[in-house]
Amino acid sequence: MDLVKTGNGVRQAAAELSAREVPFHEIPVIDFGPMLGNDPVAKQTVADALREAATKVGFFYIKNHGVPEEIIKAMFDAGPAFFALSLDEKMKVHVKTSTNNSGYTPLLEENVNPQAKGDLHEAYDIAAELPPDDPALAEGKGLYGVNIWPEGMPGFRKAMLAYHFEVLKLGRRLFGAFALALGQAEDFFEPMITKPTCAQRIIYYPSQDGAIDEELIGIGAHSDYECFTILAQHEVAALQVLNTAGEWIAAPPIPGTYVINIGDQMARWSNDIFKSTLHRAINTTGRARYSAPFFLGTNYDTVIDVLPGCVSAEHPRKYEPVIAGDYVQSRFDATYGYRQTES
Ligand SMILES: O=C(O)CCC(=O)C(=O)O
Ligand SMILES: [Fe+2]
């Protein structure tokens, strides 16, 4: 599997582009276990499956991901305790009070779909957790900053951070698998993820009853901004993924798995050979839903430019280079409407 400059590689890319127009009806499950080991042949098998999913669906589940179940459970136990606080308490750590998009976002304050009325969820975010003496903190770049935390909830902080560092390990392995899937060496992205930007959130979706207004749902149709997203779903189903026939395909929780989806940065890198697929969440289950996406990008200053192997006469360059951090920040600014009216 090689997405390179050779004639074969280009023909393969073109074939994949037309193949992905065939609408998917299910989201593949990939056994990620080999990426935790040292067998290059087994790793390439994972990368091949990833490539197939990335070109045709843009979403896949992974099992045997290596994140300890008790760390995931502790995060999902701690999150609801925060959302159960009074609104006054939660507003003390409003996301606007931080410099790095960390903190609380109340119901309807985000709007990922400009055609909609707002997203029916609450969320708590943290960004990259850096040591207090990290020089990046002094540079004032929005995505590197000091994470804020609710007062008097040390258990919440502890659980979120334990989760943070475990998922980062998985994220680094995923970068390796993506590199192999793009025909690069496994360590291709490593110099670009020495201080990766990221957003880790836990989201609370209240259940919606009765007739659903499609402009007022848990999270409106959107694509993610970073390289990829590592999504943990806690028990309750709500996520849907749009296929090329315009059908919403359910992506329910599967115990022991993560949902991985390609974000817009990876789509840019691959010149849209890897799809950043629209998705949304609607919770009509009658139960509270919690999910925890971890959006992982590269270092702030990495220039994201289309990989040469992803360009050909039939598939010309679609994107100009962007600075990774500036790109994500501009997308955040569009989502958090209040930021635009403020400055
Ligand atoms: O909660 C989910 O299942 C999806 C969340 C999501 O798509 C997002 O936060 O970008
Ligand atoms: Fe998303």
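Order of appearance sets the numbers: ligands from 1, and atoms from 1 within every ligand.
Not one N or O on the side chain of Tyr104 forms a donor-acceptor pair closer than 3.5 Å with the backbone of Phe82. With Gln208 contributing its side chain and Leu216 its backbone, the two residues share a donor-acceptor pair below 3.5 Å. Using a distance-only test at 3.5 Å, with no hydrogens or angles considered, no donor-acceptor pair links the side chain of Asp119 to the main chain of Leu108.
Seen from the ring of Tyr327, Arg268 counts as a face-on cation partner, given the 6.0 Å and 45° thresholds. Both cation-pi conditions hold for Lys141 and Tyr300: the charged atom is under 6.0 angstrom from the six-membered ring centre and inside a 45 degree cone around its axis.
Below 30°, between 30° and 60°, or above 60°: for Phe294 and His164 the angle between ring planes is between 30° and 60°, a tilted geometry.
Panel detail: the Fe ion (ligand 2) has protein N, O or S atoms under 2.8 Å away, 3 in number.
Within 4.0 Å of ligand 1, counting heavy atoms only, the contacting residues are Ile203, Tyr205, Ile219, His222, Asp224, Leu231, Leu239, His279, Arg289, Ser291, Pro293, Phe295.
A salt bridge is defined here as a Lys NZ or Arg NE, NH1 or NH2 lying under 4.0 Å from an Asp or Glu carboxylate O, and Asp224 with Arg331 fails to meet this definition. By the 4.0 Å N-to-carboxylate-O rule, Asp125 lies close enough to Arg201 to be salt-bridged with it.
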Task: side-chain hydrogen bond (donor to acceptor under 3.5 Å, both in side chains) assessment of Asn147 paired with Ser98 - done: CA-CA 7 Å; Asn147 285 319; Ser98 74; over 6 Å; no

